[in-house]
Asker: 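One structure, pasted below without further comment.
Here the structure is a predicted model, which means the values were calculated and not measured.
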Amino acid sequence: QVHVVESGGGLVQAGGSLRLSCTASGSIFRINDMGWYRQAPGKQRELVAVITSGGNTNYADSVKGRFTISRDNAANTVHLQMNSLKPEDTAVYYCNAKLTRWGMATSNDWGQGTRVTVSS
């Protein structure tokens, strides 16, 4: 049993900042990749940022220079620092964890999402 929980969403004015957090818990042997995806109204879910177990990162072009992803492996936690927010960033943000369970089976787990609204 694995649980993925996000927090930190809210309503901010354009140009402001938010910090999202996500923690995975349960029968986890190793977390390989952790990432953030988002889905805006009427649009498909898209990758925002991902970080590997070794600390390598990748970002969507639309957020490069504004967002920073980081992780705390001991706490099974990933963060997304979002600066210079734009109305276009408004979406539900989902945390994703690609992991190996204690029994060595691989798993791809999602949180329930946290809503980010950026006003103009």
Side-chain angles (χ1 to χ4, degrees):
Q1 189 175 14
V2 174
H3 298 278
V4 178
V5 180
E6 307 101 330
S7 64
L11 173 64
V12 298
Q13 191 173 9
S17 298
L18 283 173
R19 188 172 189 251
L20 307 183
S21 298
C22 171
T23 299
S25 62
S27 183
I28 301 170
F29 176 74
R30 180 182 66 198
I31 299 178
N32 303 313
D33 299 344
M34 296 188 77
W36 290 95
Y37 293 71
R38 67 186 182 187
Q39 187 166 19
K43 297 183 178 180
Q44 294 186 331
R45 189 174 299 186
E46 65 176 352
L47 174 68
V48 177
V50 63
I51 184 167
T52 69
S53 60
N56 295 321
T57 60
N58 288 290
Y59 297 91
D61 288 340
S62 59
V63 306
K64 287 180 180 178
R66 299 189 297 122
F67 292 8
T68 302
I69 189 170
S70 61
R71 66 189 288 169
D72 182 345
N73 289 331
N76 291 338
T77 298
V78 63
H79 304 282
L80 185 68
Q81 178 66 45
M82 305 186 296
N83 298 325
S84 301
L85 284 163
K86 305 175 181 179
E88 303 90 272
D89 297 317
T90 295
V92 176
Y93 284 70
Y94 297 91
C95 179
N96 174 256
K98 294 180 171 60
L99 51 85
T100 301
R101 298 189 179 227
W102 191 250
M104 303 308 294
T106 57
S107 181
N108 187 6
D109 296 278
W110 293 86
Q112 295 300 307
T114 184
R115 185 176 298 275
V116 172
T117 303
V118 184
S119 62
S120 60

Asker: Compare every heavy atom of S120 with every heavy atom of A14, then report the nearest pair and how far apart it is.
Answerer: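 Taking A14 first and S120 second, the nearest heavy atoms are CB-CA, 4.4 Å.
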Asker: Can a salt bridge be assigned to the pair D89 and K86 using a cut-off of 4.0 Å between side-chain N and carboxylate O?
Answerer: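 Not counted as a salt bridge, because no side-chain N and carboxylate O are separated by less than 4.0 Å.
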Asker: Would you say the side-chain atoms of S107 and R101 include a donor-acceptor pair closer than 3.5 Å?
Answerer: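 A pair is found: one side chain offers a donor N or O, the other an acceptor, under 3.5 Å apart.
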Asker: Show your working on side-chain hydrogen bond (donor to acceptor under 3.5 Å, both in side chains) between N76 and T23 and close with a plain yes or no.
Answerer: CA-CA 6 Å; N76 291 338; T23 299; over 6 Å; no
Asker: Measuring only between side-chain heavy atoms, which start at C-beta, is V92 closer than 4.5 Å to V116?
Answerer: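 Not touching, per the 4.5 Å side-chain cut-off.
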Asker: Any side-chain heavy atom of R30 sitting closer than 4.5 Å to one from N32?
Answerer: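 R30 reaches N32 side chain to side chain.
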Asker: Do any N or O atoms from the side chain of T100 and from the backbone of M104 form a donor-acceptor pair under 3.5 angstrom?
Answerer: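 A pair under 3.5 Å: no.
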Asker: Does T114 reach the main-chain N or O of E6 with its side chain, forming a donor-acceptor pair under 3.5 Å?
Answerer: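 Not a single qualifying donor-acceptor pair exists.
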Asker: Check the side chains of N96 and D109 for a donor-acceptor pair under 3.5 angstrom, ignoring hydrogens and angles.
Answerer: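 There is no such pair (donor and acceptor under 3.5 Å, judged by atom type) between the side chains of D109 and N96.
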Asker: Taking the side chain as every heavy atom from C-beta outward, state whether F67 and L18 have any atom pair closer than 4.5 Å.
Answerer: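 Side chain of F67 against side chain of L18, heavy atoms only: no contact under 4.5 Å found.
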Asker: When you measure from the side chain of T90 to the backbone of E88, do you find a donor-acceptor pair of N or O atoms at a distance under 3.5 Å?
Answerer: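 Here the side-chain-to-backbone pair does not exist.
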Asker: Atom OG1 in T117, atom CD in Q13: separation rounded to 0.5 Å?
Answerer: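 Interatomic distance, T117 OG1 to Q13 CD, rounded to 0.5 Å: 13.5 Å.
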Asker: Heavy atoms, side chains only, cut-off 4.5 Å: are S119 and V12 in contact?
Answerer: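 No - every pair of side-chain heavy atoms lies 4.5 Å or more apart.
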Asker: Does a sphere of radius 6.0 Å around CD in E46 hold more than 12 heavy atoms from other residues, nucleotides or ligands, not counting ones at 6.0 Å or beyond?
Answerer: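 Count over threshold, so yes.
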Asker: Quick one: does NZ or CZ of R45 land under 6.0 Å from the six-membered ring centre of Y94, within 45 degrees of the ring axis?
Answerer: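 R45 over Y94 ring: yes.
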Asker: If we only count heavy atoms from C-beta on, is the I51 to D33 side-chain gap below 4.5 Å?
Answerer: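 I51 vs D33: side chains apart.
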Asker: Would you confirm whether the ring centroid of W36 sits within less than 6.0 angstrom of the ring centroid of Y93?
Answerer: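 No, the ring centres sit 6.0 Å or more apart.
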Asker: Which heavy atom of L20 sits nearest to which heavy atom of M82, and what is that distance?
Answerer: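 What the structure gives for the nearest pair is CG-CE, 3.8 Å.
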Asker: Measure the shortest side-chain to side-chain distance between V78 and S70 over non-hydrogen atoms and say whether it is less than 4.5 angstrom.
Answerer: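 No. Closest side-chain heavy atoms not under 4.5 Å.
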Asker: Is there a side-chain hydrogen bond (donor to acceptor under 3.5 Å, both in side chains) between H79 and S21 once you walk through the steps?
Answerer: CA-CA 4 Å; H79 304 282; S21 298; 2.9 Å; yes
Asker: How about L80 and V48: do any of their side-chain heavy atoms sit closer than 4.5 Å?
Answerer: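 When only atoms from C-beta onward are counted, V48 and L80 do touch, with a gap below 4.5 Å.
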Asker: Determine whether T68 and Y59 make a side-chain contact, defined as any pair of heavy atoms from C-beta on separated by less than 4.5 Å.
Answerer: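 SC-SC contact between T68 and Y59 confirmed.
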Asker: How long is the gap from CE on M34 to CG on D72, to the nearest 0.5 Å?
Answerer: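 Rounded to the nearest 0.5 Å, the CE-CG separation comes out at 10.0 Å.
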Asker: Under the criterion side-chain contact (heavy atoms from CB on, under 4.5 Å), I'd like the reasoning laid out for S53 against I31: C-alpha separation, chi angles, the key distance, then a yes or no.
Answerer: CA-CA 7 Å; S53 60; I31 299 178; over 6 Å; no
Asker: Do S17 and N83 meet the criterion of a side-chain donor-acceptor pair at a distance under 3.5 Å?
Answerer: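 Yes, N83 and S17 have a side-chain donor paired with an acceptor closer than 3.5 Å.
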Asker: Before we go on, tell me: are the rings of W110 and Y37 under 6.0 Å apart, centre to centre?
Answerer: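 Yes - the distance between ring centres of W110 and Y37 falls below the 6.0 Å cut-off.
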